Asks: 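Attaching a single structure in C-alpha cells format; questions to follow.
Chain naming here is simple, since letters A, B, ... match the order of the sequence lines and numbering starts at 1 in each. On a predicted model such as this, the values are computed, not experimentally measured, just so you know.
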2 protein chains.
Amino acid sequence: MSDPLDAIFAALADPTRRAILTMLLEDDMAVTDVAAPFDMSLAAISKHLAILTRAGLIAQEKRGRVKWCKLDPDAMRLASIWMQGFGQFEPVNLDAFERFLAAELDGA
Amino acid sequence: MSDPLDAIFAALADPTRRAILTMLLEDDMAVTDVAAPFDMSLAAISKHLAILTRAGLIAQEKRGRVKWCKLDPDAMRLASIWMQGFGQFEPVNLDAFERFLAAELDGA
DNA sequence: GGCATATTCAACCATCCGGTTGACGATCCC
DNA sequence: GGGATCGTCAACCGGATGGTTGAATATGCC
C-alpha cells in the first residue's frame with residue numbers, strides 16, 4: 001500500500017542517518033563502531049540503523065556477536081531515478097555529469 | 001544550523017507532496033487546482049505547499065487573489081547531487097548512465 | 001561455568017506531523 | 001457596498017518520531 005519512496009526519503013531526512021550512510025561509504029562497520037562518533041546512546045543508533053534497513057538503504061549481517069552494516073545501493077538508486085524525472089528543469093548539468101562519470105569509472 | 005537536506009528529504013517523504021510535485025511537472029498551478037484531485041481539505045494542501053516552499057522545492061507567487069505554484073529545481077538538484085555520491089557502489093550502471101544522458105539531453 | 005562484550009527490547013517522554021474544522025483577510029466583480 | 005472566491009491562520013487531535021534508561025539476549029573468551 002505504501003510507496004517504498006516514503007520510507008527511503010523519510011530515512012534520508014535525518015542528519016544522523018545521512019551521516020551514518022556517509023560513514024558506510026568508507027567501509028562496512030559494526031553497530032558499536034557506527035555509534036562511536038555520535039553523542040547519543042547505542043540504542044538510539046540501533047534504531048536509526050533499523051530505519052535505514054527497513055528503507056532498504058543498508059543491509060545488516062550478523063557474524064558472531066557482531067552485526068555488520070553495509071550500504072545497499074538499490075533503494076538510493078530508486079530514489080535517484082524518481083528524482084531524475086525532474087531533471088528536465090535543470091540546465092545541462094556538466095558538473096553532475098562529471099561526477100557521474102568519475103563515480104562510474106571508480107566503480108569499474 | 002540545520003542542513004537544507006533535512007527539509008528537502010522530509011518534504012519528499014510524503015506521497016501527497018510527491019504527487020503535487022509530479023503535477024507541477026506538467027504545468028504551474030493555483031493552490032485550489034492543486035488541491036482538487038486530493039481527498040483532503042484545502043487547508044491541508046496549503047500546509048503541504050508551505051512545506052514544499054520552505055524546502056525550496058517549489059516557489060509560490062501571488063497574482064491577484066490566486067497564488068501560483070511552480071517547481072523550483074535547485075533543492076531537488078541539491079538532493080540529487082548528494083545522492084550521486086553513493087553511485088560508486090553500483091556496478092558500472094549503464095542503465096543509469098542512459099537515463100542520465102536522456103535527462104540531460106531532454107533538458108538541453 | 002561465568003564474566004565481559006555486542007546489540008536489541010520495552011517502557012516512557014517530549015515534540016513533530018498530517019489531518020480536521022471554523023474563523024479570518026484579500027481580492028474580484030456586479 | 002456586498003457577495004462569492006481564494007487562501008491562510010489558529011486551535012485541536014491522534015499517531016509517528018527521536019531520544020532516554022534499564023533490563024534482556026546472544027556470543028566470545030578464560
Side-chain angles (χ1 to χ4, degrees), chain A residues 1-24 27-70 72 75, chain B residues 1-24 27-70 72 75:
Chain A
M1 201 68 170
S2 84
D3 195 316
L5 289 175
D6 291 6
I8 295 171
F9 284 126
L12 293 176
D14 185 275
T16 301
R17 289 192 291 261
R18 287 199 308 278
I20 290 174
L21 290 173
T22 301
M23 291 164 56
L24 291 177
D27 212 345
D28 300 355
M29 296 178 79
V31 173
T32 304
D33 296 329
V34 170
F38 296 98
D39 186 20
M40 190 182 305
S41 73
L42 184 62
I45 296 294
S46 179
K47 280 192 193 178
H48 280 305
L49 291 171
I51 289 170
L52 288 168
T53 302
R54 248 179 285 124
L57 287 161
I58 68 171
Q60 291 183 290
E61 180 201 356
K62 193 167 173 182
R63 277 208 303 276
R65 63 181 160 172
V66 175
K67 203 164 185 178
W68 292 89
C69 309
K70 64 171 202 187
D72 187 350
Chain B
M1 200 67 177
S2 84
D3 195 316
L5 289 174
D6 290 6
I8 295 171
F9 283 126
L12 293 176
D14 185 274
T16 301
R17 288 191 292 261
R18 287 198 309 278
I20 290 174
L21 291 173
T22 302
M23 290 164 56
L24 291 177
D27 212 344
D28 299 355
M29 297 178 78
V31 172
T32 305
D33 295 329
V34 169
F38 296 99
D39 188 19
M40 191 182 305
S41 72
L42 183 61
I45 297 294
S46 178
K47 280 192 194 177
H48 281 304
L49 291 170
I51 290 171
L52 288 168
T53 301
R54 248 179 285 125
L57 287 160
I58 69 171
Q60 291 183 290
E61 179 200 357
K62 193 167 174 182
R63 278 209 302 275
R65 64 180 161 176
V66 174
K67 203 164 183 176
W68 292 90
C69 310
K70 65 171 201 188
D72 188 350

Asks: Quick one: Ile58(B) CD1 to dG7(D) P, roughly how many Å, whole number?
Replies: 12 Å
Asks: Looking at the side chain of Lys67(B), which of dG7(D), dT21(D), dG19(D) is the nearest nucleotide?
Replies: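 Within the option list, the nearest is dG7(D).
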Asks: In whole Å, I'd like the distance from the CZ atom of Arg54(A) to the P atom of dT17(D).
Replies: 8 Å
Asks: Atom CD1 of Ile20(A) and atom P of dT7(C): how far apart are they, to the nearest Å?
Replies: 13 Å
Asks: Tell me: CD1 of Ile45(B) to C1' of dG7(D), nearest whole Å?
Replies: 13 Å
Asks: Working to the nearest 0.5 angstrom, can you tell me the gap between Ser46(A) OG and Lys67(A) NZ?
Replies: 7.0 Å
Asks: Return the value, rounded to whole Å, for the distance between atom CE of Met29(B) and atom P of dC6(D).
Replies: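 The answer, rounded to whole Å, is 13 Å.
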Asks: Report the residue (Lys62(B) or Lys47(B)) whose heavy-atom-nearest nucleotide on DNA chain C is the more 5′ of the two.
Replies: Lys47(B)
Asks: Just by modelled atom types, is the Leu49(A) backbone N or O under 3.5 Å from a matching donor or acceptor in the Thr53(A) side chain?
Replies: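 Yes; at least one donor-acceptor contact below 3.5 Å.
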Asks: Would you indicate which nucleotide in dG19(D), dA4(D), dA4(C) comes nearest to any side-chain atom of His48(A)?
Replies: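 Within the option list, the nearest is dG19(D).
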Asks: Which listed nucleotide (dG7(D), dT7(C), dT20(D)) is nearest to the side chain of Ala30(B)?
Replies: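 Taking heavy atoms from C-beta onward, the closest nucleotide is dG7(D).
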Asks: Spell out, as yes or no, whether a donor-acceptor pair under 3.5 Å connects the side chain of Arg18(A) to the backbone of Leu12(A).
Replies: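 Looks like yes, one N/O pair under 3.5 Å.
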Asks: Take atom CG of Asp33(B) and atom P of dG7(D), then tell me their distance rounded to the nearest Å.
Replies: 8 Å
Asks: Side-chain N or O of Arg17(A) less than 4.0 angstrom from OP1 or OP2 on dG18(D)?
Replies: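 It does, given that an N or O in the side chain of Arg17(A) lies less than 4.0 Å from OP1 or OP2 of dG18(D).
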Asks: Examine dT20(C): is either OP1 or OP2 under 4.0 Å from a nitrogen or oxygen in the side chain of Ser41(B)? Give yes or no.
Replies: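 So the side-chain polar atoms of Ser41(B) do come within 4.0 Å of the phosphate oxygens OP1 or OP2 of dT20(C), strictly under.
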Asks: Please check: side-chain N/O of Arg17(B) versus main-chain N/O of Ile51(B), any donor-acceptor pairing under 3.5 Å?
Replies: no
Asks: If I take atom CD in residue Glu61(A) and atom P in nucleotide dT7(C), what distance separates them, rounded to the nearest angstrom?
Replies: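 One finds 13 Å between P of dT7(C) and CD of Glu61(A), rounded.
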Asks: Measuring from Met40(B):CE to His48(B):NE2, what's the distance to the nearest 0.5 Å?
Replies: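 That separation rounds to 4.5 Å.
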Asks: Within less than 4.0 Å of OP1 or OP2 of dT8(D), is there a side-chain N or O belonging to Ser46(B)?
Replies: yes
Asks: Both Gly64(A) and Ala43(A) contact DNA chain D. Which one's nearest nucleotide lies toward the 5' end?
Replies: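 Per heavy-atom nearest nucleotide, the more 5' residue is Ala43(A).
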Asks: Return the nearest nucleotide to the side chain of Ile51(A); candidates are dT21(C), dG18(D), dT7(C).
Replies: dG18(D)
Asks: Figure out the CZ/P separation between Phe9(A) and dT17(D), and round it to whole Å.
Replies: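 So the CZ-P distance, Phe9(A) to dT17(D), works out to 16 Å.
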